[in-house]
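In what follows, a single structure is set out as structure tokens and then discussed.
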There are 2 protein chains.
Amino acid sequence: MRHSLKHVAERAGVSVKTVSNVVNGYPHIRPETRARVEAAIAALDYRPNLSARNLRQGRTGIIALAVPELDNPYFAELTRHIVTAAATHGWTVLVDHTDGDPAREREVAAGIRDHLVDGLIFSPLALTGAELDGTTPTVLLGERVDVVDGLGPADHVAVDNVAAAREATAHLAGAGRRRIAALGVQHTAEGVSARLRLAGYQAALAAAGLPADPQLLAPAERWHRADGAAGIRALLDAGVAFDAVFAFNDTLALGALRALHDAGLRVPADVAVAGFDGIDDGRFSIPTLTTVEPDIERLARLAVDLLAERITGSSQRPPQECLVPHRLTVRESA
Amino acid sequence: MRHSLKHVAERAGVSVKTVSNVVNGYPHIRPETRARVEAAIAALDYRPNLSARNLRQGRTGIIALAVPELDNPYFAELTRHIVTAAATHGWTVLVDHTDGDPAREREVAAGIRDHLVDGLIFSPLALTGAELDGTTPTVLLGERVDVVDGLGPADHVAVDNVAAAREATAHLAGAGRRRIAALGVQHTAEGVSARLRLAGYQAALAAAGLPADPQLLAPAERWHRADGAAGIRALLDAGVAFDAVFAFNDTLALGALRALHDAGLRVPADVAVAGFDGIDDGRFSIPTLTTVEPDIERLARLAVDLLAERITGSSQRPPQECLVPHRLTVRESA
DNA sequence: CTGAAAGCGCTTACAG
DNA sequence: CTGAAAGCGCTTACAG
């Protein structure tokens, strides 16, 4: 059976207030009182009822993390870092995946968890800032949703997608590649990342004096390995000539490596490949993957710290937009 | 501002009980009353306070999932399936990773979340059943913790590790391999999976009439790509001859592919490789990975359904042990 | 330093 | 079909 404060108080011969003080580490308690209470707590195996505490305090100690795909290595690594960072604030993390489904995202944004979470870290695909609930402290991950002044009450942590994509593409061009394909192009409203990375790619081509051939744009509705492989196969089937691929994420790039291998093309001799994310897989793939990787640990820590400021109300600053650093990691594939 | 039942009741001119009835879908309510209440709910943007509901009902609608590593592809995929299955019961999932750290695991097992979760799905590395809290409905994932009769109150869902490992190894032997290395061997108390998979490996060798050469056992403290690569390198450096590798999981196998490649060995021509798990990576690696894969979706559904029975108390059956099916998927590597 | 009491927002017998 | 009231287990002014 579960015991309450009252039981402990009775057993220790004190009031519930005193027990509460002990439980919450209130300092000014007579040592012998504390000892008696602690003995009673141990004897009864008392543990506080968090629902009651939350009801009273209006806080739950839980933050929610909503990502499009839990089993995407990038988000899996991100999740781990968020969980770790949250632990330093004493929070546990409730993880949700939205599948990038607008309806699921809206549920999350509408605060479907209601008073259950103290805050939300949200990596939306489809959502615009306007749809955010506004009452729950929120930090947005990924690119800024492009509603002018639509940021609402949410802070924002992102990678500089344009710059990172430009660097990756420039690396390919700098290695003498002239026909660089872009893999992962999306034309849907959701594809904010895709649009920004495409812009970076195009900027790099322009800077290198390379023409922008629309034939080199390989669309991919999702960014899984299978989509990367399919995108490259489509390019090859269409007879498009290319000597490099900039994939908009690493799983696409891994799929590309496979499709190129199947076609008998050598990487990087025939085709150089660069990705985006820096997931662990790319360190061991054959060939290993050149990639531009955001400092994901920093991103996680930043997101959690910003959320902490909002939740504790320790800062009334206006919504903030932060960019985390990235760096190009050159390996075998390019 | 957040509104309560009372506010809604006042606005609709009814008692809180009636509002509660409407919110909870109680059927016998006069249509016009219901309409008035619903209008008030909409007008005030009322949403129930879950902490209060939980306090009253003793349930939270949250289940916890504790896995050793969130960014291990196997657990990431598992987590996704658990989240999906939980959603069909109206539960959200609080995800924790323990890092296989006994202290963290004990925290989880001790019900550190206290009254916060209705149940727990737990994939322990180090823990024995004896350490389970016993008050929170729990389903254990992975192999049965080997305390005799120590299952306690927990149900159990697992893969038949011995059989699956035996099949993978038998496949290698059946292809004519005579010197099959085992990659991922662990001698620690935590390595229950490792011990069972080793047993399956040994059984297959015996059945094939192959000698069990201890030189062929490659230990790996963790089961990441890096460990797999290191294990193979150690074997090669030691001058051990082998023509096949059975890796105790797919990430080990992927690391092995890389190390073999670095050593100039062809897979499968020189060395055949088989893994365990069936993660997505293995469909696209070069070469693609032969593996024995448990039906992870079924495993997730089963775990959640068993937990549901415990939580609702709809069944008082004794703790149950379930094995989910697996199958060997032959691809290029073996 | 400690106690008695109110109240957080729900649900649930108990009446009617 | 609906209402008034108690109580889930905490924390927090308010006293002393």
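Lettering follows sequence order; numbering is per chain, from 1.
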Just checking [X]: base, sugar-phosphate only, or nothing, at a heavy-atom cut-off of under 4.0 Å?
X: B:L55; value: base
X: A:I29; value: sugar-phosphate
X: B:N54; value: nothing

- [ ] Please tell me which of B:N21 and A:S20 maps to the more 5' nucleotide of DNA chain D, matching each residue to the nucleotide holding its nearest heavy atom.
- [x] B:N21
Open item on the list: Between B:V16 and A:K6, which residue's closest nucleotide on DNA chain D lies nearer the 5′ terminus?
Closed with: B:V16
Expressed in angstrom and rounded to an integer, what is the separation of [X] atom [atom1] from [N] atom [atom2]?
X: A:E10; N: D:dC10; atom1: CD; atom2: P; value: 13 Å
X: B:R36; N: D:dT2; atom1: CZ; atom2: P; value: 9 Å
X: A:L5; N: D:dC8; atom1: CG; atom2: P; value: 13 Å
X: B:R53; N: D:dG9; atom1: CZ; atom2: C1'; value: 18 Å
X: B:R59; N: D:dC8; atom1: CZ; atom2: P; value: 18 Å
X: B:H7; N: C:dC8; atom1: NE2; atom2: C1'; value: 12 Å

Give the nucleotide from the list [options] with an atom nearest to the side chain of [X].
X: B:Q57; options: C:dC10, C:dA4, C:dT11; answer: C:dT11
X: B:R56; options: C:dG9, D:dT11, D:dC1; answer: C:dG9
X: B:K17; options: C:dA4, C:dT11, C:dC14; answer: C:dC14

Open item on the list: Closest-nucleotide mapping onto DNA chain C: is B:Y46 or A:Y26 further toward the 5' terminus? I mean the 5' end.
Closed with: A:Y26
- [ ] Counting Watson-Crick and G-U wobble pairs only, both distances under 3.5 Å, name the nucleotide matched with C:dA13, or none.
- [x] none
Looking at [X], does any N or O in its side chain come under 4.0 Å of the phosphate oxygens OP1/OP2 on [N]?
X: A:T18; N: C:dG3; result: yes
X: B:N24; N: C:dT11; result: yes
X: B:T33; N: D:dT2; result: yes
X: A:S4; N: D:dC8; result: no

TODO: Could you check if a side-chain atom of B:V159 sits within less than 4.5 angstrom of a side-chain atom of B:L323, using non-hydrogen atoms only?
DONE: no
- [ ] Test B:N21 against every option in B:I29, B:V14, B:V37, B:V16 by the side chain to side chain contact (heavy atoms under 4.5 Å, CB included) rule and name the one that passes.
- [x] B:I29
Task: Option passing side chain to side chain contact (heavy atoms under 4.5 Å, CB included) with B:S123 (candidates B:L141, B:V157, B:L78) - done: B:L141
- [ ] Could you pull out the closest heavy-atom pair between A:E69 and A:F75, with the gap in Å?
- [x] O-CB, 3.1 Å
Task: Carboxylate-amine/guanidinium contact A:R36 A:E32, below 4.0 Å - done: no
